Amino acid sequence: MASLLGTSSIRASPSLSSSSSSSSSSSTPSISPICFRPGRICGRVLNAGIQIRPKKNRSRHHVSVMNVATEINSTEQQVGKFDSKKSARPVYPFAAIVGQDEMKLCLLLNVIDPKIGGVMIMGDRGTGKSTTVRSLVDLLPEITVVAGDPYNSDPLDPEFMGVEVRERVERGEQVPVIATKINMVDLPLGATEDRVCGTIDIEKALTEGVKAFEPGLLAKANRGILYVDEVNLLDDHLVDVLLDSAASGWNTVEREGISISHPARFILIGSGNPEEGELRPQLLDRFGMHAQVGTVRDAELRVKIVEERARFDSDPKEFRDTYKTEQDKLQDQISNARSCLSSVQIDRELKVKISKVCSELNVDGLRGDIVTNRAAKALAALKGKDRVTADDVATVIPNCLRHRLRKDPLESIDSGVLVSEKFAEVFS
């Protein structure tokens, strides 16, 4: 009944009760049944579409209709404002994570050079995959964006500009800019395609002739990080959307003959458990690096992890303050590495050997060569060096090529031993 009424309620005015009490008739006037279809009441149309027809020879009572939707919405907004005033959910410090060095290194290298192409993290349940990715938020550096732009457009790089911002820049307008931290956007498994890609307001387009576009998660993730937990369980239609955006760097929404495009260049980070299913090879190849996470077997180390987690759960603020110095130091290290990345050099001899390893491992395409070169330079920048060495290449090449060796979807991902053996053979 409430759903039929929508958000409207009916109440009798005071004149109704007074007239009924003063009536000399023995029968009490009653309100006629309500018809749930568009109509009129006492010669007036109700927005709620409720029609009340008084019976013949009965007095017309005044009935007031009160729309409570506004009151409900305002109450919800007040609750939302109250909750927003509270401190955000505390994030486990990145520096406090014990072990899992391979995963942490891959994440840091992608923050230093987003063009590496993201990282795929696969491992056992309960090994801290999601916790580590979300802890990266505190270390993300600031970027310059156009103020008020939903796509985080870069005011200097046309590749990362929305169409409207680019037109304003071409006209010579001065666009306002602000500094903000890199976004990390979570992509839920149950998200709809419209929520991911964005949607067009067809009604406004037809009535006003305006392209009214509501940006989705891909727009918010532009120049940021898009994190998909349990990515191997993602629906196929969303995988296709991610493939298209990751390949072109742009997201295009086509609805009813209307087309809108915006930049969608993001660091794609996915995590999952291989026991729950493998990832499609097309999407797996889009991840620049691959990290394997295993369960810690050392009893002393396991006890330390349990104790640290217990401390964080009991008092998150105090626990975060304990690691503040290490967090700040790591953040400065990332900032310095990003600033000096362009000056890092890699010898041609190393480039040739990297390509030779990829060729002898039968790696399809050239994405493996490109990612290995970028990751090695990012690692050198993280170490504060201006030139890549063979040791830098040896550290990153298993993570860059391991997931590109599969030919049969039923085969498991190589642990990296084959890549390391081939590297030792070529670089010896």
Side-chain angles (χ1 to χ4, degrees), residues 107-119 133 136-137 139-187 195-200 211 213-228 241-254 259-270 283 286-289 331 334-344 367 370-371 373-375 377-378 381:
L107 291 173
L108 291 177
L109 296 183
N110 274 274
V111 174
I112 294 172
D113 186 1
K115 291 185 178 180
I116 289 176
V119 56
V133 173
L136 200 63
V137 173
L139 303 179
L140 296 179
E142 288 189 344
I143 56 174
T144 303
V145 300
V146 177
D149 184 71
Y151 313 119
N152 301 320
S153 295
D154 190 335
L156 302 177
D157 190 352
E159 271 189 48
F160 295 96
M161 285 185 186
V163 177
E164 295 180 0
V165 174
R166 184 182 300 175
E167 291 175 353
R168 291 170 60 187
V169 172
E170 289 176 352
R171 290 196 299 264
E173 295 184 18
Q174 291 290 334
V175 292
V177 298
I178 58 173
T180 182
K181 294 196 72 171
I182 292 178
N183 276 337
M184 176 177 286
V185 180
D186 279 327
L187 176 60
R195 182 69 187 98
V196 176
C197 299
T199 182
I200 298 175
K211 291 183 179 180
F213 179 64
E214 182 180 350
L217 295 178
L218 293 181
K220 189 177 179 182
N222 185 42
R223 301 182 65 199
I225 296 175
L226 183 65
Y227 175 50
V228 189
V241 169
L242 292 181
L243 282 173
D244 184 49
S245 298
S248 63
W250 283 77
N251 175 45
T252 302
V253 181
E254 301 278 356
S259 177
I260 292 181
S261 298
H262 66 79
R265 295 181 181 271
F266 46 80
I267 304 172
L268 184 60
I269 299 180
L283 182 59
R286 291 295 172 185
F287 289 98
M289 305 182 75
Q331 192 169 13
I334 293 173
S335 180
N336 294 333
R338 285 172 62 95
S339 61
C340 70
L341 178 64
S342 58
S343 61
V344 177
R367 192 171 284 120
I370 296 172
V371 170
N373 279 269
R374 288 190 176 278
K377 293 177 65 176

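Owing to the predicted nature of the structure, the values given are computational and were not obtained by experimental measurement.
With sequence neighbours excluded, the residues forming a salt bridge (Lys or Arg N to Asp or Glu O under 4.0 Å) with Asp154 are Arg223, listed by chain and number. Applying the side-chain hydrogen bond (donor to acceptor under 3.5 Å, both in side chains) test to Asn222 and every residue at least two apart in sequence or in another chain returns nothing. Under the side-chain contact (heavy atoms from CB on, under 4.5 Å) criterion, Asn152 pairs with Val145, Asn183, sequence neighbours left out. Looking at residues two or more places apart in sequence or on another chain, you find a side-chain hydrogen bond (donor to acceptor under 3.5 Å, both in side chains) between Glu254 and Ser259. Under the rule for a salt bridge (Lys or Arg N to Asp or Glu O under 4.0 Å), the partners of Arg168 that lie at least two apart in sequence or sit in another chain are Glu173. For Asp149, the side-chain hydrogen bond (donor to acceptor under 3.5 Å, both in side chains) partners at least two apart in sequence or on another chain are Ser153. Scored by the salt bridge (Lys or Arg N to Asp or Glu O under 4.0 Å) test, Glu159 finds Arg265 as partners (sequence neighbours excluded). With sequence neighbours excluded, no residue forms a side-chain contact (heavy atoms from CB on, under 4.5 Å) with Ser335. Applying the ring pair (Phe, Tyr, Trp, His ring centres under 6.0 Å) rule to Tyr151 yields the partners His262; only residues at least two apart in sequence or on another chain are considered. The salt bridge (Lys or Arg N to Asp or Glu O under 4.0 Å) search around Arg367 returns Asp285, not counting sequence neighbours. Applying the side-chain hydrogen bond (donor to acceptor under 3.5 Å, both in side chains) test to Thr180 and every residue at least two apart in sequence or in another chain returns nothing.
To the nearest 0.5 Å, atoms CD1 (Ile116) and CG (Asn373) are separated by 11.0 Å. Put simply, CD on Glu167 and CE on Met161 are 12.0 Å apart, with the number rounded to the nearest 0.5 Å. The structure places CG of Asp157 at 12.0 Å from OG1 of Thr144, a figure rounded to the nearest 0.5 Å. For the atom pair Ile267 CD1 and Asp113 CG, the distance stands at 8.5 Å (nearest 0.5 Å). Between the OG1 atom in Thr252 and the CD1 atom in Ile260 there is a gap of 10.5 Å [rounded to 0.5 Å].
Within the structure, the salt bridge (charged side-chain N to carboxylate O under 4.0 Å, His left out) test picks out the following pairs touching residues 175-186 (sequence neighbours left out): Arg134-Asp186.
Looking at Val185 and Ile225, their side chains never come closer than 4.5 Å, going by heavy atoms from C-beta outward. With contacts defined as side-chain heavy-atom distances shorter than 4.5 Å, the pair Asn251/Val253 qualifies. Annotation: side chain of Leu187 is in contact with side chain of Val196 (closest heavy-atom distance under 4.5 Å). Leu109 is listed as a side-chain neighbour of Met289, based on a closest heavy-atom distance under 4.5 Å.
Of all heavy-atom pairs spanning Cys340 and Ser343, the tightest one is O-OG, 2.7 Å. Nearest heavy atoms, Val163 versus Trp250: CG2-CZ3, 4.5 Å. Looking at every heavy atom in both residues, Val111 comes nearest to Pro141 through CG1-CD, 3.8 Å. Contact between Cys197 and Val241 at its shortest, heavy atoms only, is SG-CG1, 3.4 Å. Residues Val133 and Met184 share a closest heavy-atom pair of O-CE, 3.2 Å. Across Ala246 and Arg286, no two heavy atoms sit closer than the pair CB-CD, 4.2 Å.
No donor-acceptor pair under 3.5 Å is formed between the side chain of Ser245 and the backbone N or O of Leu242. With hydrogens and angles disregarded, a donor-acceptor distance shorter than 3.5 Å links the side chain of Asn110 to the backbone of Gly118.
Applying the side-chain contact (heavy atoms from CB on, under 4.5 Å) test between Val228 and each of Leu268, Ile269, Leu283 identifies Leu268 as the sole match.
Other residues, nucleotides and ligands place more than 12 heavy atoms under 6.0 Å from the CD atom of Gln331.
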